[in-house]
Colleague: 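Just dropping this structure here.
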There are 2 protein chains.
Amino acid sequence: MDTGDRLLTPGEVAALFRVDPKTVTRWAAAGRIGSIRTPGGHRRFRESEVRALLEGEGMLDEGEDVANRPRNVGPTASTGPGPANAGMY
Amino acid sequence: MDTGDRLLTPGEVAALFRVDPKTVTRWAAAGRIGSIRTPGGHRRFRESEVRALLEGEGMLDEGEDVANRPRNVGPTASTGPGPANAGMY
DNA sequence: ACTTATTTGGGTAATTGGGGGT
DNA sequence: TCTGTCCCAATTACCCAAATAA
């Protein structure tokens, strides 16, 4: 079902992360952040995901381990993003 | 299965996509989204189609496990859950 | 027939996408 | 390797006034 969260524009996400909108676009292109495309081709980002990314950035452990490369995402397509946000407006 | 042909107004679709209602009208005019015209000339959109568009390409494995987040995404993971977007310009 | 909110139409500025190079 | 900036083309957002929907 629908996640039901608001969508953010690239500029909004860029402002939240204090980066250039192009950088946000690269994150989406690289698959580091989920993105929804409008029929026109522009991207929209889920606010819950962006906020989770923002909150999680203060993590510990910076082990740069190249040996750990999960090159393949399993077919376990978890459609719904974990948090069941019941924020319907 | 239930198609759910509820009709949505341009304002509803615009809110779902986080765009301007005028943009939704342009999508309909460009044939990117199906639309039904009222006798007065206003457009209505099918909820099932809108939802399919929203979830059709916004699906990415969203593991919010930043602690275990591999910074280097491996090589070309051809396991793309979604088909290559066929709407680029 | 009324009012209120939304949609329509055209035109112009701002944002976005993709590629390239620092 | 990652990010910021350049280009151009396409898409999108906001301005107006009139018509439609409920």
Side-chain angles (χ1 to χ4, degrees), chain A residues 5-47 49-50 53-54 56-59 61-71 88-89, chain B residues 5-47 49-50 52-54 56-60 63 66-78 80 82-89:
Chain A
D5 50 349
R6 289 165 295 187
L7 295 176
L8 299 176
T9 61
E12 289 277 318
V13 179
L16 288 168
F17 279 97
R18 302 280 290 182
V19 295
D20 200 83
K22 285 295 201 243
T23 301
V24 179
T25 297
R26 289 202 192 98
W27 294 344
R32 288 142 105 111
I33 183 172
S35 61
I36 294 175
R37 310 278 290 222
T38 65
H42 284 200
R43 293 188 181 88
R44 295 281 114 102
F45 305 90
R46 299 190 183 276
E47 191 200 34
E49 185 177 352
V50 172
L53 252 30
L54 283 167
E57 282 293 6
M59 270 327 183
D61 179 289
E62 281 296 332
E64 183 64 31
D65 192 354
V66 290
N68 182 10
R69 39 162 61 174
R71 61 204 303 191
M88 307 285 285
Y89 59 90
Chain B
D5 319 41
R6 257 189 306 171
L7 293 179
L8 300 177
T9 62
E12 288 281 311
V13 180
L16 258 36
F17 276 96
R18 189 66 171 95
V19 295
D20 194 85
K22 194 73 66 183
T23 301
V24 179
T25 298
R26 291 200 199 90
W27 295 343
R32 291 182 172 139
I33 183 173
S35 62
I36 297 177
R37 310 275 295 208
T38 64
H42 286 198
R43 294 187 182 83
R44 295 282 117 95
F45 305 90
R46 299 200 176 270
E47 189 194 27
E49 184 176 356
V50 173
L53 249 37
L54 277 170
E57 331 188 17
M59 218 59 77
L60 184 75
V66 288
N68 189 22
R69 180 183 59 172
R71 299 185 48 172
N72 46 0
V73 214
T76 53
S78 56
N85 191 9
M88 68 299 239
Y89 51 71

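Letters go in sequence order (proteins before strands), and every chain restarts at 1.
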Colleague: Whole angstroms only, please: what is the CZ-P distance between A:Phe45 and C:dT15?
Modeller: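 Checked: the CZ to P distance equals 16 Å.
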Colleague: Measure the shortest side-chain to side-chain distance between B:Arg44 and B:Leu8 over non-hydrogen atoms and say whether it is less than 4.5 angstrom.
Modeller: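 Heavy-atom side-chain distance check fails, nothing below 4.5 Å.
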Colleague: In whole angstroms, how far is the C1' atom of D:dA13 from the CG atom of A:Leu7?
Modeller: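 Roughly 17 Å, once rounded to whole Å.
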Colleague: Sequence neighbours left out, what passes side-chain contact (heavy atoms from CB on, under 4.5 Å) with A:Lys22? Give chain and number order.
Modeller: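 If we apply the side-chain contact (heavy atoms from CB on, under 4.5 Å) test to A:Lys22, skipping adjacent residues, the hits are A:Asp20.
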Colleague: Tell me whether the OP1 or OP2 atom of C:dT8 has a side-chain N or O from B:Thr25 closer than 4.0 Å.
Modeller: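 Yes, such a contact exists.
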Colleague: What residues, two or more places apart in sequence or in another chain, satisfy salt bridge (charged side-chain N to carboxylate O under 4.0 Å, His left out) together with A:Glu12?
Modeller: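 Listed in chain order: nothing, the list is empty.
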Colleague: By the ring pair (Phe, Tyr, Trp, His ring centres under 6.0 Å) test, which pairs, at least two apart or in different chains, include something from residues 20-44 of chain B?
Modeller: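 Only B:Phe17-B:Trp27 qualify under ring pair (Phe, Tyr, Trp, His ring centres under 6.0 Å).
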Colleague: Restricting to nitrogen or oxygen on both sides, can you table the protein-nucleotides 18-22 of chain D pairs closer than 3.5 Å?
Modeller:
residue	atom	partner	partner atom	Å
D:dT20	O4'	B:His42	NE2	3.4
D:dA21	OP1	B:Thr38	OG1	3.1
D:dA21	OP1	B:Gly40	N	3.2

Colleague: For the pair B:Glu49 (side chain) and B:Gly34 (backbone), establish whether a donor and an acceptor sit closer than 3.5 Å, ignoring hydrogens and angles.
Modeller: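 Side chain of B:Glu49 to backbone of B:Gly34: a pair is present.
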Colleague: Rounding to a whole Å, what distance do you find between A:Phe17:CZ and D:dT3:P?
Modeller: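 So the two atoms are 11 Å apart, to the nearest Å.
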Colleague: Look at B:Trp27 and D:dT12 and indicate whether a side-chain polar atom (N or O) is within less than 4.0 Å of OP1 or OP2.
Modeller: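 Answer is yes, contact under 4.0 Å.
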Colleague: In whole angstrom, what separates A:Leu8's CG from C:dT16's C1'?
Modeller: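 In whole Å, C:dT16 C1' and A:Leu8 CG are 15 Å from each other.
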Colleague: Which angle, rounded to 10°, do you find between the first-five-pair axis and the last-five-pair axis of the helix from C:dT3-D:dA22 to C:dG19-D:dC6?
Modeller: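 Computed angle between terminal axes is 60°.
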Colleague: Do A:Ile33 and A:Phe45 make a side-chain contact, defined as non-hydrogen atoms from C-beta onward lying under 4.5 Å apart?
Modeller: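 They are in contact (side-chain heavy atoms under 4.5 Å apart), so the answer is yes.
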Colleague: Measure CG/B:Asp20 against C1'/C:dT6 and give the value in whole Å, please.
Modeller: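 From B:Asp20 CG to C:dT6 C1': 12 Å.
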Colleague: What nucleotide, of C:dT7, D:dC14, D:dT3, holds the atom closest to the side chain of B:Pro10?
Modeller: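 Side chain of B:Pro10 sits closest to C:dT7.
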Colleague: Closest to the B:Arg43 side chain: D:dT5, C:dG17, C:dG9?
Modeller: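 The answer is C:dG9.
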Colleague: Side-chain contact test, heavy atoms from C-beta onward, threshold under 4.5 Å: evaluate it for B:Arg32 versus B:Leu53 and give yes or no.
Modeller: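 Sidechains of B:Leu53 and B:Arg32: no contact.
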Colleague: Indicate, yes or no, whether a donor-acceptor pair under 3.5 Å links the base of C:dG18 to the side chain of A:Lys22.
Modeller: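 By the distance-only test, yes, there is a pair.
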Colleague: Tell me whether B:Arg43 contacts the main-chain N or O of B:Arg37 through its side chain, where contact means a donor paired with an acceptor under 3.5 Å.
Modeller: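 Absent.
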Colleague: Does any donor-acceptor pair link the side chain of B:Arg26 with the base of D:dA13 at a separation under 3.5 Å?
Modeller: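 Indeed, a donor on one side and an acceptor on the other fall under 3.5 Å apart.
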Colleague: B:Ala14: what forms a side-chain contact (heavy atoms from CB on, under 4.5 Å) with it, not counting sequence neighbours?
Modeller: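 B:Ala14 satisfies side-chain contact (heavy atoms from CB on, under 4.5 Å) with B:Val19, B:Pro21, B:Val24 only.
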Colleague: On DNA chain D, compare the nucleotides closest to A:Arg18 and A:Thr9; which residue's is nearer the 5' end?
Modeller: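 Checking each residue's closest nucleotide, the 5'-ward one belongs to A:Arg18.
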Colleague: Give the nucleotide from the list D:dT11, D:dT12, D:dT5 with an atom nearest to the side chain of B:Val19.
Modeller: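 Closest nucleotide to the B:Val19 side chain: D:dT12.
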